[in-house]
J.: 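I'd like to ask some things about the structure below.
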Amino acid sequence: MSQASILYDLPGPRAKRRNAILGVVSTAGIIALLAFIGYKFADTGQFEARKWEQFQYASVQRELLGGLWATLKAAGIAAVLALLFGAVFASARLSDKWILRTPATFVVELFRAIPLLILIFFGYYVPLQYGWSIDKLWALVIGLMLYNGSVLAEIFRAGINAVPYGQTEGAYAIGMRKNQVLRLILLPQAVRSMLPAIVSQLVVLLKDTALGFIITYPELLFVGKQIGGRLPFGLPYVPTYLIVAAIYIAICGALSVLAWWLQKRMGRTPRTAAKVLPAQDAGEDAARMI
């Protein structure tokens, strides 16, 4: 019996027909909605050549590439720091010592509860109140690291706790220390189950870089707003945001494909072929067993 059939009863013939009808109706509804949106865009002149003309210029393309590079740079730095933050605080929360576990729990719960936008505001404007200058990139990165790192800490902790306790008991029984159990036994098994959640959170982190727009960090959305606000081209906000959205979708889709590939690769188990013995050797082995 598959795992899916354990979670719920398999649908019968009537339920299958009902699900098929609902699927067809939902698909038709989505297509109709997209067609209506396309019609309204065309009706308001969003597909006019004038509004798309500037995207053929190399200078505009370089602006978009610059915004994309700024987005990827902030996301890359924040992702590395968030993973380190999550690993450290997850390890502290799993510690047997309350002096490590209690502060780590407080920090993780605190930054999970604060909206990311407020963290970015604090990271940028609070130092300015004391006359300290902080780069907009690092103000954005600090906010992303604190929020997403706290979420990742909970993902790591939950993934490690999900490993059957018998694995830990068996490792302790053969004399392993706790750090060895965590590093050699629990983490390799937990990573397989954590990987989809980790990649999903990194995708969220990538999209959250758009909040750098609030502090005028020149990421992709900020650059798109500047490009869309040009009056000589008819204020092409909608065409610009469609292009920006397509770029975000492509990047997030690539991350999802990478996660699928990694999960599939990590899920493989090495196979060894059985050794075929000659007939004479097989007879001798059987005789010895008798």
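It should be emphasised that the depicted structure is a prediction, and the values quoted were computed from it without experimental measurement.
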J.: Please round to the nearest 0.5 Å and tell me the distance separating atom CD1 of Ile227 and atom OH of Tyr241.
T.: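 Answer for the CD1-OH pair, Ile227 versus Tyr241, is 10.0 Å.
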
J.: Do Ser95 and Arg101 have side-chain N/O donor and acceptor atoms under 3.5 Å apart?
T.: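 Result is no, nothing qualifies.
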
J.: Determine the sole option in Val199, Leu206, Val257 for which the side chain to side chain contact (heavy atoms under 4.5 Å, CB included) test with Cys252 is passed.
T.: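 Testing Cys252 for a side chain to side chain contact (heavy atoms under 4.5 Å, CB included) against Val199, Leu206, Val257 leaves exactly one candidate, Leu206.
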
J.: Do Lys225 and Phe213 touch side chain to side chain, with heavy atoms closer than 4.5 Å?
T.: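 They are in contact (side-chain heavy atoms under 4.5 Å apart), so the answer is yes.
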
J.: Taking atom CE of Met145 and atom CH2 of Trp138, what is their separation to the nearest 0.5 Å?
T.: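 Between atom CE of Met145 and atom CH2 of Trp138 there are 9.5 Å.
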
J.: Restricting to non-hydrogen atoms, name the atom on Ala153 and the atom on Ala90 that form the minimum distance, rounded to 0.1 Å.
T.: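 Smallest heavy-atom distance, with atoms named: O-CB, 3.5 Å.
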
J.: Does a side-chain N-to-carboxylate-O contact under 4.0 Å join Lys136 and Glu219?
T.: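 No, Lys136 and Glu219 are not salt-bridged.
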
J.: Strictly distance-based, threshold 3.5 Å: is any side-chain N or O of Asp43 a donor or acceptor partner for the main-chain N or O of Tyr39?
T.: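 Not confirmed, Asp43 side chain does not pair with Tyr39 backbone.
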
J.: Please determine if Arg230 and Glu63 form a salt bridge, counting it only when a charged side-chain N lies under 4.0 Å from a carboxylate O.
T.: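 Judged by the 4.0 Å cut-off on N to carboxylate O distance, Arg230 and Glu63 do form a salt bridge.
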
J.: Determine the minimum heavy-atom distance between Leu202 and Ala79, stating which atoms define it.
T.: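 Scanning both residues, the minimum pair turns out to be CD2-CB, 3.9 Å.
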
J.: Under 6.0 Å from the CD1 atom of Ile99, do we count more than 12 heavy atoms belonging to anything else shown?
T.: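 Atom CD1 in Ile99 is not crowded, with 12 or fewer foreign heavy atoms closer than 6.0 Å.
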
J.: Whether the side chain of Trp52 engages the backbone of Gln46 through a donor-acceptor N/O pair (distance < 3.5 Å, no angle test) should be reported.
T.: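 Between the backbone of Gln46 and the side chain of Trp52 there is a qualifying donor-acceptor contact (under 3.5 Å).
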
J.: Only one of Asn161, Val88, Val151, Leu83 clears side chain to side chain contact (heavy atoms under 4.5 Å, CB included) with Phe156; which?
T.: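 Checked Asn161, Val88, Val151, Leu83 against Phe156; only one passes side chain to side chain contact (heavy atoms under 4.5 Å, CB included): Leu83.
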
J.: Can you check whether Phe41's main-chain N or O pairs, donor with acceptor, with Thr44's side chain at less than 3.5 Å?
T.: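 The answer is yes, because a donor-acceptor pair under 3.5 Å joins these two groups.
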
J.: Which value, rounded to the nearest 0.5 Å, describes the distance between Ile120 atom CD1 and Tyr125 atom OH?
T.: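 It comes to 11.0 Å.
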
J.: Take atom CZ in Phe122; do more than 12 heavy atoms of anything else shown fall under 6.0 Å from it?
T.: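 12 or below, so no.
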
J.: Within the distance-only criterion (no hydrogens, no angle test), does the side chain of Ser26 pair as donor or acceptor with the backbone N or O of Gly23 below 3.5 angstrom?
T.: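 Side chain of Ser26 to backbone of Gly23: no pair is present.
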
J.: At their closest point, which heavy atom of Phe47 faces which heavy atom of Gly38, and how far apart are they?
T.: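 That closest heavy-atom pairing would be CE1-O, 3.6 Å.
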
J.: So, are Lys51 and Glu48 salt-bridged, with charged N and O less than 4.0 Å apart?
T.: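 No, no charged N to carboxylate O under 4.0 Å.
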
J.: When you check the gap from the basic side-chain N to the acidic O, do Glu53 and Arg50 get nearer than 4.0 Å?
T.: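 Result for this pair is no, no salt bridge flagged.
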
J.: Looking at Arg93 and Thr105, what are the two nearest heavy atoms and their distance?
T.: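 Scanning both residues, the minimum pair turns out to be NE-OG1, 3.2 Å.
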
J.: Could you grab the distance from atom OH of Tyr248 to atom CG of Leu220, nearest 0.5 Å is fine?
T.: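 Result: 4.5 Å between the selected atoms.
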
J.: Is the closest side-chain heavy-atom distance between Tyr147 and Phe111 below 4.5 Å?
T.: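 Sidechains of Phe111 and Tyr147: no contact.
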
J.: Tell me, do Phe85 and Ser150 make a side-chain contact under 4.5 Å, heavy atoms counted?
T.: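 A side-chain contact under 4.5 Å exists here.
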
J.: For the residue pair Ile251 and Leu72, establish whether any side-chain heavy-atom pair is separated by less than 4.5 Å.
T.: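 With C-beta onward as the side chain, the pair touches.
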
J.: Testing Leu146, Val141, Asn148, Ile142 one by one against Leu144 for a side chain to side chain contact (heavy atoms under 4.5 Å, CB included), which residue passes?
T.: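 Looking at Leu146, Val141, Asn148, Ile142, the match for Leu144 under the side chain to side chain contact (heavy atoms under 4.5 Å, CB included) is Asn148.
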
J.: Would you confirm whether Tyr217, through its side chain, and Ala70, through its main-chain N or O, come within 3.5 Å as a donor-acceptor pair?
T.: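 Yes, Tyr217 side chain to Ala70 backbone: donor-acceptor pair under 3.5 Å.
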
J.: Name the one of Ile30, Ile31, Val24 that satisfies side chain to side chain contact (heavy atoms under 4.5 Å, CB included) with Thr27?
T.: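 It is Ile31; the other options fail the test.
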
J.: Working to the nearest 0.5 angstrom, can you tell me the gap between Leu205 CG and Leu81 CG?
T.: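 These two atoms lie 10.0 Å from each other.
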
J.: Rounded to the nearest 0.5 Å, how far apart are CZ of Phe222 and CD1 of Ile214?
T.: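 These two atoms lie 10.5 Å from each other.
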
